[in-house]
Amino acid sequence: MLLALLFLAVPIYSTCYFEDSELFGRCYQFNNHSSSFIDAKLNCTSRGFTLTRIENLTLAHFIGSIAVEKFGETYGSYWIGLSRHQNSSNFQWEDQHPLDFLNWADGYPFSGYDYVAARLSDTQWITLLEPTRLPYICSYDAIEDDTTTEGPKTTKGNGYGNGCQKTDLNLENRCYSFNRQLLSVDDARKSCEKIGKTLAVFDDFYQINFVSSFAQSQFAATYTSFWIGLQRASASTPFYWPSGNYTQFTNWSPGYPFSNQLFVAQQISDTKWKTYTPDSLLFSVCSGIL
Ligand SMILES: *[C@@H]1O[C@H](CO)[C@@H](O)[C@H](O)[C@H]1NC(C)=O
Ligand SMILES: *[C@@H]1O[C@H](CO)[C@@H](O)[C@H](O)[C@H]1NC(C)=O
Ligand SMILES: *[C@@H]1O[C@H](CO)[C@@H](O)[C@H](O)[C@H]1NC(C)=O
Ligand SMILES: *[C@@H]1O[C@H](CO)[C@@H](O)[C@H](O)[C@H]1NC(C)=O
Ligand SMILES: *[C@@H]1O[C@H](CO)[C@@H](O)[C@H](O)[C@H]1NC(C)=O
């Protein structure tokens with residue numbers, strides 16, 4: 001049961017931010033920073049998320065089993081987005097959804113204790129006082145796949161086409177696909193261009209972390225790197241992306257770039273960039289524009 005749930009937690013084409021878990025189109029973010037209920041709630045809402053609702057037993061078990069992993073505890077509890085307004089007997093979800101699923105532990109709720117936490121041991125709910133400091137879970141809607149297109153979109157044919165496919169991982173304006181063949185940088189670039197893409201372009205660290213979070217399972221490897229679209233024309237000129245733009249940020253592994261190398265690959269293990277000689281045989285990631 002636990003294994004099955006953990007597998008679900010990392011769907012190949014998830015569209016949550018790095019390290020968050022997706023089920024049924026919602027992403028769950030596990031925050032191990034012990035906070036009062038109000039602080040937990042504010043931390044979620046300040047980023048456009050909500051202190052999570054638990055909508056049925058499937059979700060309760062899914063979230064509960066990941067919480068045990070992420071919080072590293074089997075005892076204790078974590079805040080969920082349920083509380084009782086003062087002097088009222090009614091509990092309310094933070095997202096205002098009707099309270100149509102209950103998971104109270106025996107004897108709960110207690111009167112005078114208005115804030116709800118789920119137990120790590122059995123996912124059941126208990127009531128506590130607001131200042132109690134607990135880890136908590138925020139949730140947000142998964143970024144939607146583009147399911148309206150049939151197959152690959154047309155490409156612009158200039159090596160910087162959109163080339164996005166249904167099975168790609170999408171984040172912000174880019175789609176990403178993984179190439180498990182070990183190729184030289186030239187062959188890797190050509191194989192991206194064949195599908196209307198370029199070697200991967202990253203606009204920010206969200207995209208870097210997002211792609212990295214899938215690289216290990218996609219490539220079934222840890223101690224190697226994949227080609228990305230960053231390169232330079234000579235040792236004395238800046239690195240640029242296939243768009244022609246110089247990179248606005250860098251993510252080098254300590255000691256890199258090597259002065260005599262022009263092509264960049266990203267390490268699977270830690271997301272950092274290293275330079276390689278062009279004939280190095282590596283995996284690759286391609287990207288297109290959504
Ligand atoms: C939310 O909590 C995280 C730690 O869990 C912290 O790094 C971040 O700064 C907090 N954000 C806000 C807006 O409180
Ligand atoms: C639990 O809730 C999710 C999200 O609404 C839904 O997709 C799923 O079918 C529900 N599962 C059960 C067993 O009710
Ligand atoms: C979560 O926080 C608790 C208490 O601060 C700590 O004991 C535990 O090691 C943390 N777990 C992880 C996985 O960081
Ligand atoms: C709750 O009840 C107390 C005591 O009866 C009262 O003083 C307080 O104003 C009430 N609060 C609200 C929000 O109604
Ligand atoms: C490249 O730079 C130009 C000019 O600053 C900008 O308009 C364009 O959006 C950039 N392209 C990419 C892909 O970042």
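Atoms within a ligand are numbered from 1 in the order they appear, just like the ligands themselves. Computation of the quantities below employed the complete heavy-atom set of this structure, encompassing side-chain atoms and omitting hydrogens, waters and symmetry-equivalent molecules.
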Requested in this report: Could you give me the CA-CA distance, side-chain angles and deciding distance for Glu22 and Arg26, then say whether salt bridge (charged side-chain N to carboxylate O under 4.0 Å, His left out) is met?
Outcome: CA-CA 6 Å; Glu22 181 185 347; Arg26 288 287 287 176; over 6 Å; no

Requested in this report: Look at atom 12 (C) of ligand 3 and find which of Asn32, Leu134, Asn31 reaches it with the closest heavy atom.
Outcome: Asn32

Query raised in the report: Phe71 to ligand 3: N or O pair under 3.5 Å?
Result: yes

Query raised in the report: Should the pair Phe249 and Trp273 be assigned to parallel (<30°), tilted (30 to 60°) or perpendicular (>60°) ring geometry?
Result: tilted

Query raised in the report: What atoms of ligand 2 come within less than 4.0 Å of a heavy atom belonging to Leu59?
Result: 1 (C), 2 (O), 3 (C)

Query raised in the report: What are the atoms of ligand 3, with element, lying closer than 4.0 Å to any heavy atom of Glu73?
Result: 7 (O)

**Report entry** Short side-chain to backbone donor-acceptor contact, Ser213 and Val211, under 3.5 Å
**Finding:** no

Report task. List the steps and the verdict of salt bridge (charged side-chain N to carboxylate O under 4.0 Å, His left out) for Asp168 and Lys197. Result -> CA-CA 11 Å; Asp168 290 350; Lys197 292 189 173 89; 2.9 Å; yes

Query raised in the report: Mind checking whether His33 has a heavy atom under 4.0 Å from ligand 3?
Result: no

Query raised in the report: So which heavy atom in the protein is nearest atom 5 (O) of ligand 2, and how far is it from that ligand atom?
Result: Glu55 OE1, 2.8 Å

Requested in this report: Could you tell me how the ring of Phe210 sits relative to the ring of Phe214: parallel (under 30°), tilted (30 to 60°) or perpendicular (over 60°)?
Outcome: perpendicular

Query raised in the report: At what distance is the nearest protein heavy atom to atom 11 (N) of ligand 2, and which residue and atom is it?
Result: Asn56 ND2, 2.9 Å

Query raised in the report: Which protein heavy atom lies closest to atom 13 (C) of ligand 3, and at what distance to 0.1 Å?
Result: Lys70 O, 3.0 Å

Report task. Starting from atom 3 (C) of ligand 2, find the nearest protein heavy-atom neighbour and note its residue, name and distance. Result -> Phe24 CD1, 3.3 Å

Report summary line: So CG of Leu182 and CG of Asp187: to nearest 0.5 Å the spacing works out to 11.5 Å

Requested in this report: Look at atom CD of Glu130 and say whether more than 12 heavy atoms of other residues, nucleotides or ligands are closer to it than 6.0 Å.
Outcome: yes

Query - Atom indices of ligand 2 within 4.0 angstrom of Thr58 heavy atoms, with elements - result: 11 (N), 12 (C), 13 (C)

